[in-house]
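One structure is given below, encoded as structure tokens.
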Amino acid sequence: MSHQVQLITVSTIFIMTYGIIISEKINRTKIAFIGAIAMILFKVLNLDEAFLAIDLHTISLLIAMMIIVNILKTTGLFQYVAIKAAKLAKGDPWKILIMLSVVTAIASGLLDNVTTVLLIAPVTLVLTDTLKINPIPYMIALIISSNIGGTATLIGDPPNIMIGAEAGLGFMDFIKNMTPIAIVIFAVTFFLMKLIYKKQLHVKDELKAKISQFDEQKTLTDKPLLIKSLIVLGLTILGFILHQYIGLETSSVALTGAAVLMLISKSDVEEVLQEIEWPTIFFFAFLFILVGSIEKVGIIESIAKQLLNITKGDLVYTTLLILWVSAIVSAFLDNIPFVATMIPLIQSIGVLTAMNITPLWWALALGACLGGNGTLVGASANVVVAGILEKHKYKIGFAQYMKVAFPLMLISIAVSTVYLYVFYLR
Amino acid sequence: MKLTQGLVNVEQDMHCLLLRQMGAKVEIIRGVVCYVKFHIGDTVVKYAYNINKKGRYFLQRRAPYPLSVGTFESEEDIIGIIKHDIAQFENARNSKMFNKFIQTSQDINILLKQFDDLYLYYNIPLTQFEKFEKIVGQLQNLITETKDMSERVYFDKEPDSLK
């Protein structure tokens with residue numbers, strides 16, 4: 001096959017696959033599977049090259065964290081913390097919203113966002129039912145705090161895991177560079193949310209008192225397992241903090257934690273493994289094959305050259321372009337395929353220029369993670385929360401969500417712009 | 001709306017949270033629920049049962065009238081019970097009384113629910129309760145009397161509740 005024909009073939013498969021993923025007409029894993037196989041059938045990659053294109057660091061880190069969470073969540077820890085937080089708020093609806101958002105953001109920094117909202121949403125709904133109050137502001141806060149919390153760490157959101165693995169950025173790099181700005185964005189966002197929602201959140205005193213009747217101890221179902229899980233999770237996080245010093249990848253640390261917890265817990269191996277989100281894992285693998293294909297035929301390098309022509313190789317312009325484009329794209333489209341494509345693009349920019357590309361990685365991480373807050377389809381957690389609300393007869397419309405969340409997202413990107421400019425680009 | 005596994009987990013977590021706050025001990029056993037349907041002439045016989053790894057299987061007949069058949073130790077037992085039940089229905093269908101039997105069974109089910117509501121929602125005087133006891137005793141006698149005067153037609157399995 002001539003290079004020209006190969007370029008057309010690869011571009012067609014890639015654009016068609018991404019187009020169908022974006023349209024959401026067919027399950028994203030199924031269509032990514034077809035696209036990846038097409039790349040092999042058309043001999044863009046052979047099977048060995050396809051397997052090599054899969055970033056096993058990202059895949060194994062995701063699987064390992066899912067195993068740890070699947071065991072930890074059976075202990076009732078998350079419900080305990082959420083109820084405790086609500087009780088500390090003494091039934092005050094605004095304080096409960098803030099407390100649950102803080103819990104969600106912290107949990108999201110350690111777990112993936114979808115898992116976090118699936119764990120916190122049940123308690124939130126029980127609390128709002130008890131207070132006889134509209135759950136929509138709480139669930140919007142849940143979405144926003146999970147996406148901001150996920151931005152803060154290497155393991156908080158899949159785009160960060162992918163960026164960390166490919167850019168060689170470690171857990172502490174994310175803590176030093178992303179956590180401070182995530183905290184600032186959380187504070188700014190919830191200050192603005194207070195202005196939007198505070199007046200709507202009123203509850204009678206007798207209903208507030210009902211919150212104090214919840215017994216958080218009753219949610220803890222297996223204390224020995226809870227202790228074991230917390231020890232393993234604590235050691236895993238310590239491993240993340242030290243991984244660059246002890247010469248281990250984050251994925252190796254997470255896999256060790258998962259293996260040890262599987263061994264010392266009495267959890268059913270089949271059940272724990274069944275609970276892993278295999279469709280997501282396979283989706284990642286197929287995307288890596290798709291992106292590996294366009295990288296192999298030189299499309300990524302060509303786009304990188306075009307981008308550098310536009311920005312004239314200027315670091316400030318390139319960084320801010322990546323930040324804002326990532327945010328706007330991620331508000332409407334799945335940020336995982338976008339980031340999977342952007343990673344080799346940024347690597348190509350690094351190869352083609354003498355530019356320090358580290359700010360570009362932070363711009364991509366901030367844009368892709370925070371952009372997900374913009375619309376109801378911006379991130380998987382948003383879609384999941386919308387589904388939970390619909391199941392509970394509280395439909396949240398695309399426009400209704402966007403009216404609140406899109407301006408908040410733009411403000412968070414504006415704050416990020418200032419942050420990147422002051423600390424990396426000046 | 002169609003529930004994804006994530007939404008099922010949310011529902012499960014909400015139920016567990018509320019039940020545990022009520023003081024319940026909740027054990028989650030993962031398994032599958034099988035819905036089974038037979039057409040016997042115009043009559044639809046439906047069952048629901050679960051299969052799980054803990055070895056406790058619940059069988060419920062859902063139609064033509066609901067009946068909790070029981071808890072069994074293996075899925076083979078469940079198939080055996082359904083096999084007999086279906087054979088009995090096929091046999092009973094030949095009777096001219098079949099439709100009356102179905103109607104009466106449905107009425108008894110409604111009666112049971114009404115009695116449940118009556119006791120749980122009202123403070124029933126002892127004299128009224130004794131009337132119920134007397135009528136139930138009469139019904140039990142009627143069943144024994146009817147059994148003794150009727151020809152047995154199914155022999156593959158002994159009755160569960162009639163000696």
Side-chain angles (χ1 to χ4, degrees), chain A residues 27 69-70 73-74 76 78-80 82-83 112 114-130 135 139 142 210-211 213-222 267-268 270-272 274-280 380-381 383-393 395, chain B residues 1-37 46-60 62 66 70-79 82 113 116-117 120-121:
Chain A
N27 176 284
V69 173
N70 288 345
K73 74 180 181 186
T74 61
F78 298 101
Q79 293 185 343
Y80 174 91
I83 289 179
D112 82 272
V114 173
T115 306
T116 306
V117 298
L118 286 174
L119 291 170
I120 306 294
V123 193
T124 306
L125 288 171
V126 168
L127 292 171
T128 54
D129 274 359
T130 307
M139 297 301 253
L142 195 63
K210 282 190 172 181
I211 297 294
Q213 290 166 10
F214 277 93
D215 182 356
E216 64 276 19
Q217 291 293 338
K218 285 181 177 167
T219 61
L220 296 178
T221 54
D222 190 339
S267 307
D268 185 319
E270 271 185 27
E271 281 183 12
V272 173
Q274 269 175 7
E275 291 265 310
I276 291 173
E277 292 161 45
W278 292 112
T280 306
S380 305
V383 179
V384 168
V385 168
I388 295 169
L389 276 170
E390 196 180 335
K391 173 74 183 61
H392 289 268
K393 321 284 181 224
K395 193 167 170 54
Chain B
M1 67 177 291
K2 191 183 167 198
L3 287 183
T4 60
Q5 188 54 48
L7 292 186
V8 171
N9 290 346
V10 168
E11 287 299 296
Q12 179 193 302
D13 286 350
M14 283 183 74
H15 293 186
C16 288
L17 175 60
L18 290 167
L19 290 167
R20 286 188 180 120
Q21 290 301 314
M22 287 160 62
K25 185 177 184 305
V26 184
E27 186 187 3
I28 307 290
I29 303 169
R30 301 224 176 268
V32 289
V33 178
C34 302
Y35 289 93
V36 184
K37 192 193 279 185
K46 293 180 187 174
Y47 303 90
Y49 69 92
N50 75 338
I51 304 176
N52 58 57
K53 288 196 284 186
K54 298 267 170 155
R56 272 180 270 163
Y57 306 96
F58 310 106
L59 174 62
Q60 165 103 33
R62 298 164 56 230
T71 307
F72 302 91
E73 295 202 347
S74 77
E75 50 269 53
E76 289 82 10
D77 289 346
I78 285 180
I79 301 301
I82 292 176
K113 181 63 190 152
D116 196 56
D117 284 347
L120 295 176
Y121 284 85

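Each chain gets a letter, A, B and so on, in the order its sequence line appears, and its residues count up from 1.
Exactly one residue among A:L118, A:V385, A:V117 makes a side-chain contact (heavy atoms from CB on, under 4.5 Å) with B:V10. That residue is A:L118.
For B:I51, the side-chain contact (heavy atoms from CB on, under 4.5 Å) criterion is met by B:V32, B:C34, B:Y49, B:Y57, B:E75, not counting sequence neighbours.
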For residues 12-28 of chain B, please give each side-chain donor-acceptor pair under 3.5 Å, one per line with the distance, not counting sequence neighbours.
from, atom 1, to, atom 2, distance (Å)
B:R20, NH2, B:V26, O, 3.2
B:Q21, OE1, A:D215, N, 2.8
B:Q21, NE2, A:D215, O, 2.9

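Contact annotation for A:E277: neither backbone nor side-chain heavy atoms come within less than 4.5 Å of a heavy atom of chain B. Heavy-atom distances place no part of A:T74 under 4.5 Å from chain B, backbone and side chain included. At a 4.5 Å heavy-atom cutoff, A:V114 makes no contact with chain B through either its backbone or its side chain.
Put simply, of A:L119, A:D129, A:D268, the one with the most heavy-atom pairs under 4.5 Å next to chain B is A:D268.
Two residues are said to be in side-chain contact when any heavy atoms from C-beta on lie closer than 4.5 Å; B:N9 and A:K73 meet this criterion.
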